[in-house]
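Worth knowing before you read on, the calculation uses all heavy atoms, side chains too, and leaves out hydrogens, waters and symmetry mates.
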Amino acid sequence: MRPRMDKTFNPQNIETQLYQEWEEKGYFKPSGKGEAYSIMIPPPNVTGSLHMGHAFQDTIMDTLIRYKRMDGNNTLWQVGTDHAGIATQMVVERKLANEEGKTRHELGRDEFIKRIWDWKAESGGTITKQLRRLGASVDWDRERFTMDDGLSEAVKEVFVRLYQDDLIYRGKRLVNWDPKLHTAISDLEVENKDKKGNMWHLRYPLADGVTTKDGKDYLVVATTRPETMLGDTGVAVNPDDERYQDLIGKEVILPLVNRRIPIVADEHADMEKGTGCVKITPAHDFNDNEVGKRHQLPMINIFSKDAAILPNGEGYTFDGKELSLDAPIPADLHNLDRFEARKAIVASFEAAGLLEGIEDNAMTVPYGDRSGVVIEPLLTDQWYVRVAPLAEPAKKAVEDGEIQFVPKQYENMYFSWMNDIQDWCISRQLWWGHRIPAWYDAEGNVYVGRDEAEVRRENNLADDVSLSQDEDVLDTWFSSALWTFSTLGWPENTEDMQVFHPSNTLVTGFDIIFFWVARMIMMTMHFIKDENGKSQVPFKTVYVTGLIRDEHGDKMSKSKGNVLDPIDMIDGIDLETLVQKRTGNLMQPQLAQKIEKNTRKTFPGGIEAHGTDALRFTLAAMASTGRDINWDMNRLEGYRNFCNKLWNASRYVLMNTEEHDCGANGGDMQFSLADRWIQGQLHKTIKQVRQHLDAYRFDLAANTLYEFTWNQFCDWYLELTKPVLFKGNEAQQRATRKTLVSTLETLLRLMHPLMPYITETIWRNVAPLANIDGDSIMLQSYPAFDESLVNQQAIDDLEWLKQFVVGIRNIRGEMDISPSKPLSVLVKNASGEHQRRMDENLTFLQAMAKLDEITVLAAGEKGPASSTALVGDMEILVPMAGLIDKDAELARITKALDKAEKDFARTQGKLSNEKFVSNAPEAVINKEREKLEEFRLAMEKLKEQKATIESL
RNA sequence: GGGCGCUUAGCUCAGUUGGGAGAGCAUCGCCCUUACAAGGCGAGGGUCACUGGUUCAAGUCCAGUAGCGCCCA
């Protein structure tokens, strides 16, 4: 297919069609040839849709993959999605409620899971469809899903082996409990919000007639959660706090429940804060839990799974054993929700005269990001991975440079987490996920195995022993942690494992270094060994991206209504639809008005279509050093214009080469200075772009391409081909046509990884002219730098030509002489080199500066009163007669002279500094001397010129 | 409180081993010149957050201050 090229660039007309063709023809598959290069996509949430962060990361991954593919590697970009336990379960639950008015419990577990699979088949492909719009060259035939058979097999295998290695255990510990969803959740799913709350000061009477230093028979503890006092098992004071020294080891009588609890000394108590006394509730607060552990206080759980008050506190020791301890709770509190209980307890304290006071208090409260309710730290039975032993090799791999982070400072973040690592709670009280491969008998003994039959066999359990499988499923991150190898067919030792593992580059956000990156490293190094038994790393480089924020630097979020959808930037969206999209389905509908107002203000005309290539190029251009990006629509528009520029430049090339002899089959060719120059510039560009891509500096790569394309190729080279194509002889035309075609063809290949669609479209038109027979630019080789094609003489000559042309354009601009008015100019002090350059490039000079004649003045000849420009030590004179305004010219000269004088003075100052001359390197000094001479010359000429004009 | 990062033109950002401050957009002139008005040609615009130090020379290296952001507690 050779696409047509309209006058303006219309991305909609080309993108989808090209992508389908690429996919159908299997261009995204590994070639099977060359050195392997693989990237494993961070699997997006199957319920999700593409956001700017995905677009950013996917652009970078695709750029790398396309670059390596063209450069001859056997490339695999592995794609897939994760099953997103909670999110997916909730989506289907909601659907079930809306459509059938049923809960999942009414449906039953098996039927509900079946419904999830139905949903997935129907609606689970949103994000992968969007990924296609971005041009992502992933191998779709290998698409994986964390719940599919192969990956589930890997999950089971890993669980069983870790258990056998004593790296997985079951225990009763504190977790982030979501009282609405009835499951443990990970820290990542907890949103900490700053809230205004209260600090209650409660009196705890001292036992045994003890009094404080100032004679009081009670202590005052300050707390933000009075309701948890029912589970207090201690009061802590700071060991250095003189106020309470005598009381350490004594006891208080816990009000309402009349339990004696000890006063302990612990650093956790902050002398500056409140009264310096804190209540310790080890079963309901993470900090208190640590304190309790240090002082061997019992844990007393007072909450049900709904976070309502129990009739009796449940006591446990820190090794999870039940404690027979009497912790009754007053009957009027039973079954009260935690916030109701708070009111009731505060009221009771007040009634008993034990409420010392209430203060306002700013605090951070954890909310479940899915349920929106306050998370309760709760003691529950969960499965844990013992992480410390796994962390050691994982740390070492980064220390030794086996895995490198780009940018490097993120290694600190990695180490800080790995050095203070907590065991990982991997079980979730959900239905959707990998069911934990553990079975219990009637006595509560636990057996772990790949299936029930294996459990019976391994443990000699008769068929009549009844076993029931653990109801819980595994954290989604557990299966994600296996992603790099489970997707390649592990536990089978597949050929893919041998070829594509370890993968090369992981592209991800800094926010999941802990949750995902570190865990992948640990899991991979534990399970995957090379032929010598050495642990393999999952990837060699981790490229960490920053966050994409809105134009004011605010995080994009639904509730702020500042989310930008990458697809909207590609296809465009009208204002009304955008407003609807941003204000619909809000958790807090009262925000709608404000969001609407802001949206109308920011996007009065909606968002125009910019196309995928412009979006990708913008993302690449803004991808510097892993820091956050403040999204700028103006940049996007600028790069859309850039696409249009490339498009039209290509049209120019095609118009002048199609149906002409472009020298593809030889013939006489006489290359112009411009031809030789642009080839050199192109190769310098190739070298730089490769360097930048290799260094993950996509911003610099994009800038280099932009600069070459617009400022060299379009602004100078294309203009310089016009005189040749209009007036040159056959050999000159043939040479220039050949250069036009080959430069553009190479440039397109160089750009392709960043802008796949536009380059493919143009390339298919250009390639035949260069005698290249290929179906797709994707499969062509990436341009290689050839130093022999960089012609320094041509570069110097063309720089001279530019100076000449710009000098005249300058005069035109400042003197208001129309660019269309031809000028005759004179040159003074034209040495041999200047003369040669003029002789060789007269046509170029005439065309580019719109000149009639150039007259060379003899030595000593003054010439008429003129406005002048300098090219090195040569002076160009544009005669003033009838053209130039005396005052304007004087103003222009004065300004230029000022600048020259300043430059001269500064340079002279440097050179007359004895210390500079004796310390600075020779090259620097020489450069300064050259500059001085240049400025001196300019001053001289300008003064002379000024005098001439003044005397008129 | 500990750690990391940021502060450069009106806006969004580059600035490699220290050696004449850059880009895009925006602004101001002139131009519908047969690739492109999503364009061409030209111009203006910066105490490189602040203070001190090292150096012949600092946006760049060091120390401190202020503001902002992130991670951890």
Subject >> Donor-acceptor pair present, A:Glu928 side chain and B:A57 base, under 3.5 Å >> reply: no
Original post:
Atom CE of A:Met633 to atom C1' of B:G24: distance rounded to whole Å?
Top reply: 16 Å
Original post:
Of the candidate nucleotides B:A35, B:C56, B:C71, which contains the atom at the shortest distance from the side chain of A:Asn913?
Top reply: B:C56
Original post:
Starting at the 5' end of RNA chain B, what dot-bracket string do you get if Watson-Crick and G-U pairs under 3.5 Å are bracketed, crossing pairs use [ ], other-strand pairs use | and unpaired bases use dots?
Top reply: (((((((..((((.....[..)))).(((((.......))))).....(((((..]....)))))))))))).
Subject >> Carboxylate-amine/guanidinium contact A:Glu930 A:Lys927, below 4.0 Å >> reply: no
Original post:
Does the pair A:Glu934/A:Lys931 count as a salt bridge with the N-to-O cut at 4.0 Å?
Top reply: no
**OP:** Scan A:Asp511 against the nucleic acid and name what it touches under 4.0 Å (heavy atoms): base, sugar-phosphate only, or nothing.
**Re:** nothing
Original post:
Between A:Tyr410 and A:Phe415, does the ring centroid distance fall short of 6.0 Å?
Top reply: no
Subject >> Within 6.0 angstrom of A:Glu608 CD, more than 12 heavy atoms from elsewhere >> reply: no
**OP:** Using a strict 4.0 Å threshold on nitrogen-to-oxygen distance, state whether A:Glu814 and A:Arg892 make a salt bridge.
**Re:** no
Original post:
Using a cut-off of 4.0 Å on non-hydrogen atoms, how would the nucleic acid contact of A:Cys714 be classed: base, sugar-phosphate, or nothing?
Top reply: base
Original post:
Which nucleotide in the list B:A35, B:A38, B:A43 gets nearest to the side chain of A:Asn648?
Top reply: B:A35
Subject >> Check: A:Gly572 main-chain N/O paired with A:Asp568 side-chain donor or acceptor under 3.5 Å >> reply: no
Original post:
Base, sugar-phosphate alone, or nothing: which one does A:Asn634 contact when heavy atoms must sit under 4.0 Å apart?
Top reply: sugar-phosphate
Original post:
At under 4.0 Å between heavy atoms, what does A:Arg809 touch on the DNA or RNA strands: base, sugar-phosphate, or nothing?
Top reply: sugar-phosphate
**OP:** Give A:Gln691 one of three labels, base, sugar-phosphate or nothing, depending on what nucleic acid heavy atoms sit under 4.0 Å from its own.
**Re:** nothing
**OP:** Please work out which residues in residues 811-824 of chain A have a non-hydrogen atom less than 4.0 Å from an atom of RNA chain B and list them by number.
**Re:** A:Glu814
Subject >> Positions of residues 601-611 of chain A (non-hydrogen atom under 4.0 Å from RNA chain B), listed by number >> reply: none
